[in-house]
Structure formats: structure tokens, C-alpha cells
K.L.:
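Sending over a structure as C-alpha cells; questions will come in a sec.
Just the heavy atoms: all of them, side chains too, but no hydrogens, waters or symmetry mates, feed the values below. Here is the naming used below: chain letters follow the sequence lines, and residue numbers restart at 1 for every chain. Quantities reported herein were computed from a predicted structural model and do not represent experimental measurements.
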Amino acid sequence: MSAAEKVQRADNLTLDTIVSLCKRRGIIFPGSDIYGGLGGTFDYGPIGAELKRNIRDAWWRANVYERDDIEGLDATILMNPRTWEASGHVDTFTDPLCDSLGPSKKRYRADQLFEEEITAYEFVDVTDGEPTPIVGAKLWAPTKKKAKEFYKQYWEKHLNLEGRRVKIEEIAGSAKTAKYSPDDGGELTEPRAFNLMLTTHVGPVVESAAQVYLRPETAQGIFVNFSNVQSSMRRKVPFGIAQIGKSFRNEITPRNFIFRTREFEQMEIEFFCKPGHLCKEGEWTDEQWHEHWVESRMNWYYRYGIAKENLRLRNQAADELAHYSKACGDIEYLFPIGWQELEGIANRTDYDLKRHMEFSGKDLSYFDPEMNERYVPYVIEPSAGADRSLLAFVCDAYTVEKVRDDKRVVLKLHKDLAPVKCAVFPLLKNRPELVEMARNLARDLKKEFYTVYDDTAAIGKLYRRQDEIGTPYCITVDVDSLEDQAVTIRDRDSMEQVRIGLDKVKDYLLAELKKE
RNA sequence: GCGGGAGUAGCUCAGUGGUAGAGCUUCAGCCUUCCAAGCUGAAUGUCGCGGGUUCGAUCCCCGUCUCCCGCUCCA
């Protein structure tokens, strides 16, 4: 029976609480902290680095080692710029943005503003009988009614015309709305290209020819290596290639801690399969593989401890699909900031391979020995964010419990993800024999897994410190240990203790840590 | 980029025109035979940065940077 009563869960958890815990306990720091930070960057501290590595490992293990149809890959961040022309990122990753010069100051995607014939209106002050045009009070609207509406909503407030009589006059001229804000009729600035890819230069001379991009997704490194991996590993379709690595996007607004950052880590698989229309009876179509991957990926999050009610699948509507995909299932997690995407599983069809064939002139089709025929495989892409996953795992594990009259903060992380696996304490630090025994035990355990030794506080505080970073086991060497050569192992979640012979501690922990 | 808010100790925050404080944390010692105990002591900040007003500014003014919230983005 647990002595603890759970009083807080993710429902009333705020992101600030997580941010504060992360900084305090060495999990995540703001990037370039001493220089005031850099927007959209965060550094992982000693504990965070372990946690992230464990997440990467868990993903790699589940997808590369435990399956027999996936190969690993580690491609470069810098790639031949042609790659990004082929992938479509040079064109479609550029958002043309323009701003309204009207009072709303809204920003628009220029390509999303629909065009329509509109008329210019002018506001005239008629209070003193003599109509006087009001400076700056011109706007564009499809009808006089709409112009009035704009005037009420925005211009009235910004022109300070209290107590004055104003008339709306149509003036000569007509134009397309794409030049004027649909929200306040204000003029729009010229669209400026905002490319979401970050650039740098290779070679000693900074000139446009040497400009390269930092990859905005890891996927393309996989596509360009499709044939290399397939032939060197003697793979038959269906098979997949997995990769973990950094990607970069010049986000307009990085926000929400590590949720949206300019430098982030992806865990992606490109799974190559036979296009549905070529499949024979009993063979999985691309759509069936897509379903398989959605389920497989959902299960991965469950396996590592995400609560069922905090995870959901959302199928993207046709109009939100990226240019390359035929269908996309988003796995969303209920963060303190609301439901947000953790991972997208897209059916990219043969778009990427075909584009690379076109741009590189190389044949990337696959020869199917059973069909005795060549085809370009379809691709199912489960694309997860490592940083987002980490945030989700931490949020989901974050628990506040009432212990006696005190509260206990504990990260109930899955054992495989826990940064520190075991902590060893002497019950009394002024007893050199206990200190020595504890130090020796810790030293021994370190050979197997990440173990820490600590004696800088009373036992209760030592436990709580480890609870906050999710250490599953704490071992205490007490006075009796000197006699019976045994120690207590305390479980993080139940806070219960078992007494184990010193010589059996390692085996016990190894067995416990292995349990699912 | 636009609009709004904010920058004071590791964290959370208070405060004053006379160059700073609390709680928690951290560290050392004493004590303590198991869940943030107690006692003693200690550390830490050019009060985001630059300029101005002033005899004097953390506080007032201007500028600037960064962060947070909304618009846009989506792993």
C-alpha cells in the first residue's frame, strides 16, 4: 500500500512549473543563458542530457533493434542545396508575409489573401458644414457597408473624432483586396519572403554560390540514401530507414519552452512499401502500413508511460496536408498549453523519391525480384520530435503527492527513461564506516548504470531530491548494514523499502530495471 | 515584424530617489538509526544593457536587448 496520496496531476500543471523544475534540477537551461539567451534555443543540462539520450535510445531500440525491417542511418545536416529544391522546401517553405498599415497591424500570409474587386473610401469631417477630408482616413472595402464596419471597429478609435460628424465618401479608384487588409481596410506592405530554412555558407568566401541550408527535416537525408542503404544491406521492400538528428527551422515565433524551437531533434523513419495499386492479395498496401505505423507509434508512447487520456490521434483534414502527403495522422499530447502535436505520421507517397530522381537524374526505383518489375516505393513517415517527446514525458510523469503534511514532487518516469537509475546514501554521514560502504557500493553500481552518491543532507531530503528527477531506486546504508551486510532499497513510487544483501544488490536492480 | 506584459540571488518574488531583502535552495560544521527535522555559520546579485535627469537612480525619462502572452508557424 502506498503511503502517498496523489493530489495533483497534469490537469492543473502549468508549463512554468515544468520550466522551473527543469532549470533547478539541471534538466534544461535557456540557451546562451549568460548573454540573455537566444530565442528558440535551449540547452540540456546533465540530467536532461541523460533523459534525452534515454528517449533516443528507447526509440531506436523499439524501431531498429526490436523490428527486423528497419535500418539505421546518420546523415549530414548540410546537404547539397539541390536536395531542397527537389524536396520542395525552397519553394514551399517560403511564406510571403505582409503587414497591414491600418490600425490592426495584422500580419498576413500574402498567398492566403483572396482577391476581390474593392473600392476606396474616404472619411470626411462635416461637423462645421464644410466637408474636410480626415488625414489618413482612407481605406478599401468591397461595399460601403463594409467600410462603415471597418470604420466602427478600428478607425474611429484611432482617429479620435469624438463629438464630430463623419461621412463616408466613395472616392475614385478600385483595387484587389490582396493589397488591402481584409480586417481593417488598411494598405498592406509589399510581401516579404520569409523562408523557414536557416542558411550558412561553405568554403572561405561568403557568396551566394556557396550558400547551403541547415536541414529543416532529417527525412531528405534518408531519401537520398535510399539506394545506398537498400543495396548495401540487401533489403527488400517493405523496409524502413530510421534516423535521429538535429533539424533547424527559422520559426517566426518560437514559443512554449522546448515545444517550438529553432534547433530541434527529430526521430524519423521513412518506411518504403509497395504502392497500394501494385499489391497482390495478402500484401499490405501503403494505407495499411500507414495504419500500422500510427498504431505502433501510439503504443510506443503508452509503453514509456504516457497516460492514455493524455494522448490522441487526429487525422489531418485534406486542406492541412503538406504538399507531399496523401494522408497524415497526428499524435497529439495534452500539454499544459493544450493538445499539441507530438508526432506526425504521413503517407508521403512516391513524391520524394520521384522528385529526387527528377532533380538528380539518378534512378531510385526499386527492382522487385518477385514481380520482376521496377517501381518507385511509397513512403510512410513517422516523424517524432525528440524534444517534444521529452517535454511530454516530463509533464506526464510530474506528480505532486501529499506525504504526511508535506508535499512531494516526483517525476514518475519510466525506468528506461529515468536519467539516474540509482542513488546511494549513507544514513548518517558522520559515521565514516557507513560513508565508505555507501561509496563503495555506488562505485560498483556505476559500472552497470548511472548511479549517484549523495550525503549532503538528511535522508528525507536526499530522497526528495532524487524524486524530483525521477530516480527509481535509492539505496540507504544504515548502522545495521555494518552487521548484516545488507542495505535497503527504496522504491520511488511506493516509497516502500526492501532489505537486500549487499552482494545481491546489483542483480536485484538489474532485474528490476529490466522489468517492463 | 505588430500589439500587450515583464526583466531584482539558483528558484519564487517583495521593495525604496540615499548603491537591496524574504522564503525555498545551495555550501560547511554540529546533531540526527529512514522520507524536504533542528542548531550554528556561510555564499550569491555591478537590481537586463546603454544613455539622460539629479548632489545621488534599482526606482523617474529615453533608447536598446531579452523573455513571456496573442497573430503566423507545426516535429
K.L.:
Among A:Asp480, A:Asp484, A:Thr488, which residue satisfies the side-chain hydrogen bond (donor to acceptor under 3.5 Å, both in side chains) criterion with A:Arg499?
P.N.:
A:Asp484

K.L.:
If each of A:Ser383 and A:Arg24 is mapped to the nucleotide of RNA chain B with the nearest heavy atom, which maps nearer the 5' terminus, i.e. the 5' end?
P.N.:
A:Arg24

K.L.:
Applying the Watson-Crick and G-U wobble criteria at under 3.5 Å, what pairs with B:A14? Answer none if nothing qualifies.
P.N.:
none

K.L.:
Tell me the partner of B:A20, counting only Watson-Crick (N1-N3 plus N6-O4 or O6-N4) or G-U wobble (N1-O2 and O6-N3) with both under 3.5 Å; none if nothing fits.
P.N.:
none

K.L.:
Quick one: look up who B:U54 pairs with, Watson-Crick or G-U, both distances under 3.5 Å, and put none if it's unpaired.
P.N.:
none

K.L.:
Would you find more than 12 non-hydrogen atoms of other residues, nucleotides or ligands less than 6.0 Å from A:Glu436 atom CD?
P.N.:
no

K.L.:
Please check if the side chain of A:Arg215 supplies one atom and the backbone of A:Ser247 the other of a donor-acceptor pair under 3.5 Å.
P.N.:
no

K.L.:
I need the A:Gln340 CD to A:Phe259 CZ distance, nearest 0.5 Å.
P.N.:
4.0 Å

K.L.:
May I ask you to decide if the ring planes of A:Phe223 and A:Phe272 are parallel, tilted or perpendicular, using 30° and 60° as cut-offs?
P.N.:
perpendicular

K.L.:
Does any nucleotide pair with B:A6 by Watson-Crick or G-U wobble geometry, both distances under 3.5 Å, and what is it?
P.N.:
B:U66

K.L.:
Pick the nucleotide of RNA chain B nearest each of A:Arg314 and A:Phe257; which residue has the one closer to the 5' end?
P.N.:
A:Phe257

K.L.:
In the structure shown, which nucleotide is the Watson-Crick or G-U wobble counterpart of B:A36, with both distances under 3.5 Å?
P.N.:
none

K.L.:
If B:C71 has a Watson-Crick or G-U wobble mate with both distances under 3.5 Å, name it; if not, just say none.
P.N.:
B:G1

K.L.:
Could you run down nucleotides 29-35 of chain B 5' to 3' and tag each one B, S or - for protein heavy-atom contact under 4.0 Å?
P.N.:
--SBSBB

K.L.:
Please determine, for B:U46, whether a Watson-Crick or G-U wobble partner exists with both distances under 3.5 Å, and give it or none.
P.N.:
none

